[in-house]
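Working notes, beginning with the structure itself.
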Amino acid sequence: MTARLPYPPYDPTDKSGFSYETVLRRWPTIITSVIDELHQQCHNISVDIKNGAGPKDVLDAKIKEALAIVNEISKLKYEMARDRTLSPIPNDGEPASDIYNMELEALALEEKNTWFTAPWLFAE
Ligand SMILES: O=P(O)(O)OC[C@H]1O[C@](O)(CO)[C@@H](O)[C@@H]1O
């Protein structure tokens, strides 16, 4: 059972409010800067590998992890821009993902489970 507040949560369906601007521009900008930073770090690690500045297997693993993160957050940005539904958080054994996923299912019933309809703070 999810908590219900006595008044509706703020969401980007109000195009004159800050949350619309946030989903439209601010989050994509933040995600893009994360992707840029990860690419820069991959470049720096590649230089370290060339210079023999650390164990190659460890540095290779860092690049692999960074590229996996880039892949996931690029997908997130794509889905956000197209007002796709928010994805459930995979069960990692932590209780918070269950609570998040339950709330997301409740939002789906209200057709408020997409990036431009979900409550701003929930999507944040
Ligand atoms: O664009 P900025 O200044 O980095 O701030 C972005 C943050 O501000 C908000 O748009 C409003 O608090 C958040 O949703 C978002 O995470």
Side-chain angles (χ1 to χ4, degrees):
M1 173 80 92
T2 57
R4 286 285 165 252
L5 299 173
Y7 44 84
Y10 191 57
D11 69 48
T13 58
D14 171 10
K15 291 190 176 178
S16 65
F18 81 88
S19 87
Y20 178 74
E21 180 69 18
T22 291
V23 183
L24 188 68
R25 280 183 248 282
R26 296 177 89 179
W27 288 345
T29 302
I30 293 167
I31 292 173
T32 302
S33 69
V34 172
I35 292 169
D36 289 348
E37 176 63 25
L38 287 168
H39 278 304
Q40 183 60 48
Q41 291 300 324
C42 284
H43 170 73
N44 295 344
I45 294 169
S46 300
V47 172
D48 285 347
I49 291 172
K50 268 190 197 142
N51 295 334
K56 188 176 175 331
D57 57 336
V58 173
L59 297 174
D60 280 342
K62 284 184 178 186
I63 290 177
K64 194 174 168 198
E65 184 179 17
L67 294 178
I69 295 169
V70 166
N71 192 40
E72 285 299 312
I73 59 175
S74 298
K75 196 172 137 217
L76 189 68
K77 187 178 164 186
Y78 179 92
E79 290 172 351
M80 192 181 285
R82 283 153 189 82
D83 196 24
R84 299 277 167 82
T85 56
L86 279 72
S87 299
I89 295 176
N91 188 341
D92 60 0
E94 296 291 332
S97 62
D98 284 350
I99 295 168
Y100 175 90
N101 292 337
M102 266 172 33
E103 182 64 22
L104 187 56
E105 281 175 24
L107 290 171
L109 296 175
E110 298 169 37
E111 298 186 348
K112 288 207 159 262
N113 61 332
T114 71
W115 286 101
F116 282 88
T117 60
W120 159 76
L121 192 52
F122 180 81
E124 173 95 359

Subject >> F18 ring center within less than 6.0 Å of W120 ring center >> reply: yes
Original post:
Going only through I, L, V, M, F, W and Y residues with side-chain contacts under 4.5 Å, is there a path from I69 to I31?
Top reply: yes
Original post:
Among V70, I73, T29, which residue meets the side chain to side chain contact (heavy atoms under 4.5 Å, CB included) test with V34?
Top reply: I73
Original post:
Is any side-chain heavy atom of I63 less than 4.5 Å from a side-chain heavy atom of S46?
Top reply: yes
**OP:** Answer with yes or no whether the side chains of N44 and Q40 bring together a donor and an acceptor at under 3.5 Å.
**Re:** yes
Original post:
With hydrophobic residues grouped by side-chain heavy-atom distances under 4.5 Å, do V58 and L67 end up in a single group?
Top reply: no
**OP:** Give, for atom CD1 of I35 and atom OG of S74, the distance between the pair rounded to the nearest 0.5 Å.
**Re:** 3.5 Å
Original post:
Under a 4.5 Å cut-off applied to non-hydrogen side-chain atoms, are E79 and T85 in contact?
Top reply: no
Subject >> Separation of S87 OG from L76 CG (nearest 0.5 Å) >> reply: 8.0 Å
Original post:
Quick one: do the T114 and T117 side chains pair a donor with an acceptor below 3.5 Å?
Top reply: yes
**OP:** May I ask you to test the L107-F122 pair for a side-chain heavy-atom distance under 4.5 Å?
**Re:** yes
Subject >> Minimum heavy-atom distance between L104 and P88, given as atom pair plus value >> reply: CD2-N, 3.6 Å
**OP:** First locate atom CH2 of W115, then atom CG of L24, and finally report the distance between them rounded to the nearest 0.5 Å.
**Re:** 14.0 Å
Subject >> Sub-4.5 Å side-chain heavy-atom contact between N91 and D98 >> reply: yes
Subject >> Cluster link Y100 to L109, ILVMFWY, side chain under 4.5 Å >> reply: no
Original post:
Is there a side-chain contact between P12 and T22, using heavy atoms and a 4.5 Å cut-off?
Top reply: no
**OP:** Give a yes or no on whether the backbone of A53 and the side-chain of N51 come within a donor-acceptor separation of less than 3.5 Å.
**Re:** no
**OP:** May I ask you to check whether over 12 heavy atoms, not counting those of E111, lie within 6.0 Å of atom CD?
**Re:** no
Subject >> Between NZ on residue K77 and CD on residue E72, distance to nearest 0.5 Å >> reply: 15.5 Å
Subject >> Flag, side chain of N101 to backbone of S97, donor-acceptor distance under 3.5 Å >> reply: yes
Original post:
Does atom CD of E21 have more than 12 heavy-atom neighbours, drawn from other residues, nucleotides or ligands, at distances under 6.0 Å?
Top reply: yes
Subject >> L86 side chain near N113 side chain, heavy-atom distance below 4.5 Å >> reply: no
**OP:** Is it possible for you to say whether V23 and L121 belong to one hydrophobic cluster, with membership spreading through side-chain heavy-atom contacts below 4.5 Å?
**Re:** yes
Original post:
Which value, rounded to the nearest 0.5 Å, describes the distance between H43 atom NE2 and L38 atom CG?
Top reply: 14.5 Å
Subject >> Inter-residue atom distance R82.CZ - F116.CZ, 0.5 Å rounding >> reply: 11.0 Å
